[in-house]
Amino acid sequence: MHVDCDAFYAAVELLDRPELADVPFAVGGGVLTTCNYVARTFGCRSGMAGFVAKKLCPALVLLRPDFAKYNAKAQEVRAVLAAYDARFESASIDEAYLNVTEYCAARGVTPAEAVARMRREVAERTRVTVSAGIAANAKLAKICSNINKPDGQFELANDRTVILDFMRALPCRKVNGVGRVLERELAAVGVETCGDVYGQRQYLARLFGDKAFAFLAACHLGLGRTRVQPAEEYERKSVGTESTFGALAGPAAFRAKLRWTADELEKDLRRAECKGRTLVLKVKLHTFEVYTRQVVMPCAVWRADDLYHHALPVLAKLEQEMPGMVLRLMGLRCTHLVSTKKPDTRAFFGFRPRRGDSAEREGGGSGEGGLGASDDERGPGSEWERWPETEPDGYELPDELAEREEDSGGGEDASPYRRHGKEITANPKAAGTKEDGAAEEEEWWDCPICGRPQTADEKPFNEHIDLCLSRQTIREAVQKDALEQPPVVPRAGTPERKTAARAEKKRGRPPRPPDAVDPRQKKLRFG
DNA sequence: GCGGATCAG
DNA sequence: ATGGCTGATCCGC
């Protein structure tokens, strides 16, 4: 099931300020209309630029957003959701996916009954209305939650024929991951609904790539992921900050802005409890052209001084490339993150992020990128996420796609990181349930090499130290390497250190047949 | 890997 | 004349 709060920011504001009920108002940039006035009059969707809305509706009252308030309310809503699926997945501040299979089985109720009850409970406890979609997978549920909005629900039967009929008439754009661009490109080849995909299938892979084709095929068939997991179990991949300003020119001004940006990024990295080994500089010219340039740093950093120090040459080079450039935006982003958090022996080397399977995830995220067509772990009753053994609909899949048995796809729908607030908080306990078992005081031993707390257990602790020592050695070697011979073009067959590191990295991973090559293991990461 | 581009909220 | 910010993925090279 997918739940979506109705005009969330506006709804929360309305609780505080009932006098707004009669006036058209919006929060922040987007037009969010509990008042419905702007929406009805101008037929706009919830995401309209504030200044555009103001032009259309001069009486519009724009409120300054108060994210602390919205987050607090979101937690209230989530506390209710937790009673229906403790492992629900927050997709953003006002959206979530729930698997209510167990809830329904345990109580002998239908999904529609459970969801109706959940929506009633949310409304009673939080005074916020939510809409919900009930369907066989996340992709369908997301679409369905928009059908009877606001304050409604829609169930799409878990039936092949019903689903195929539903998809046949569904405009591609309704599917999460199909944006403006792809919509237009598809329309250009006669594909406007998901049903149209079938007729044009012979062209699609060539035109849009295998990933997009697999994604579109999944759209036609109504396939999507069925796994739902708490947002905090997803691995964060980057932390960045950027800001827009009036026209900015000149090296001195650039440096000042860069310094400020680095300061901001340090704060964000601190909050995210991580540091990064790759630094990406982004600029937008006054002409709105966007450029990014990245640099790999010798080690992961988080301090503003270090960020600035490494970004400055990148900026200088950009200035050289484009003399006299005038900026309207500057941003810095760290990727190849290394956690600076407390936990956990296994996660330490980035081998296996806590949940134990993220290393297995691969592409297929949210964007159009979210074109991942195949799916997560197969759960019970999840045959719709599986490619049929034979292709009854006549798709001829490239082998690699058809055979993909593992893999996650990671979801074509909203990324769990998008939350308008950065931190990803753990799911709250169910509302109305007692605080069972206060989290026992955990004990940690600090590793003498990396300084990170480890579980206070002798055997894993010693194993960690072994690992840490070898890792430290490799890191130092690589760094020395990088410093001593920067311009040397790597010759084939030389770098035994890399080989060693790669072998090292495999440790702690689940065993894999010796000849099976996992392309995802290519990356080297040092923390 | 890098850089550009698309997408979502 | 549809903006700004954060984060993710995919493609071509």
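Labels below follow one simple rule: chain letters A, B, ... track the order of the sequence lines, proteins then strands, and each chain is numbered from 1.
For the pair A/Gln294 CD and B/dG3 C1', the interatomic distance rounds to 7 Å; values are reported in whole Å. For the pair A/His2 NE2 and B/dG9 C1', the computed distance is 11 Å after rounding to whole Å. Taking atom NZ of A/Lys142 as the reference point, atom C1' of B/dG9 lies 8 Å away to the nearest angstrom. For the pair A/Arg293 CZ and B/dG3 C1', the computed distance is 7 Å after rounding to whole Å. The interatomic distance linking A/Lys284 (NZ) with B/dG3 (P) rounds to 19 Å, in whole Å. Summarising the geometry, the separation between CG on A/Leu337 and P on C/dT6 is reported as 15 Å, rounded to the nearest angstrom. One interatomic measurement links the two molecules: CG of A/Leu329 to C1' of C/dC5, which rounds to 9 Å at whole-angstrom precision. When the C1' atom of B/dA5 is taken as reference, atom CZ of A/Phe288 falls 17 Å away, rounded to whole Å.
For A/Ser238, a side-chain nitrogen or oxygen approaches OP1 or OP2 of C/dA8 to under 4.0 Å. A close approach under 4.0 Å does occur between a side-chain nitrogen or oxygen of A/Thr241 and OP1 or OP2 of C/dT6. For B/dG3, the OP1/OP2 oxygens have no side-chain nitrogen or oxygen of A/Thr292 closer than 4.0 Å.
Ring geometry for A/Tyr9 versus A/Tyr70: interplanar angle under 30°, hence parallel rather than tilted (30 to 60°).
Looking at A/Asp263 and A/Arg259, a side-chain N of the basic residue comes within less than 4.0 Å of a carboxylate O on the acidic one, giving a salt bridge. With respect to the salt-bridge test (charged N to carboxylate O, under 4.0 angstrom), the residues A/Glu13 and A/Lys69 qualify.
Nearest to the side chain of A/Val181, among B/dA8, B/dG1, B/dT6, sits B/dT6. Residue A/Glu242 places its side chain closer to C/dT6 than to any other of B/dG4, B/dG9, C/dT6. The side chain of A/Thr244 sits closest to C/dG4 out of B/dA8, C/dG4, B/dG9. Relative to the side chain of A/Arg173, the nucleotides B/dC7, C/dC5, B/dA8 differ in distance, and B/dA8 lies closest. The side chain of A/Lys237 lies closest to C/dT9, out of C/dC10, C/dT9, C/dT2.
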List the atom pairs, with distances to 0.1 Å, where a side-chain N or O of residues 307-330 of chain A and a protein N or O form a donor-acceptor pair under 3.5 Å, not counting sequence neighbours.
residue, atom, partner, partner atom, Å
A/His310, ND1, A/Asp306, O, 2.9
A/Glu321, OE1, A/Arg293, NH2, 3.0

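For A/Glu76, the salt bridge (Lys or Arg N to Asp or Glu O under 4.0 Å) partners are A/Lys73, not counting sequence neighbours.
Residue contacts for A/Arg328: at a heavy-atom cut-off of 4.0 Å it reaches the sugar-phosphate backbone alone, with no base atom in range. A/Val296 comes within 4.0 angstrom of the backbone, heavy atoms only, and of no base.
Scanning all heavy atoms of the two residues, the minimum distance from A/Val301 to A/Lys275 falls at O-CB, 3.1 Å.
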Would you sketch DNA chain C in dot-bracket for me? Only Watson-Crick or G-U wobble pairs with both distances under 3.5 Å count, crossing pairs as [ ], other-strand pairs as |, the rest as dots. ....|||||||||
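Side-chain contact check for A/Ser131 and A/Asp6: at least one donor-acceptor pair (N or O, by modelled atom type) lies under 3.5 Å.
With a 6.0 Å cutoff to the six-membered ring centre and a 45° limit on the axis angle, A/Arg225 counts as a cation-pi contact of A/Tyr97.
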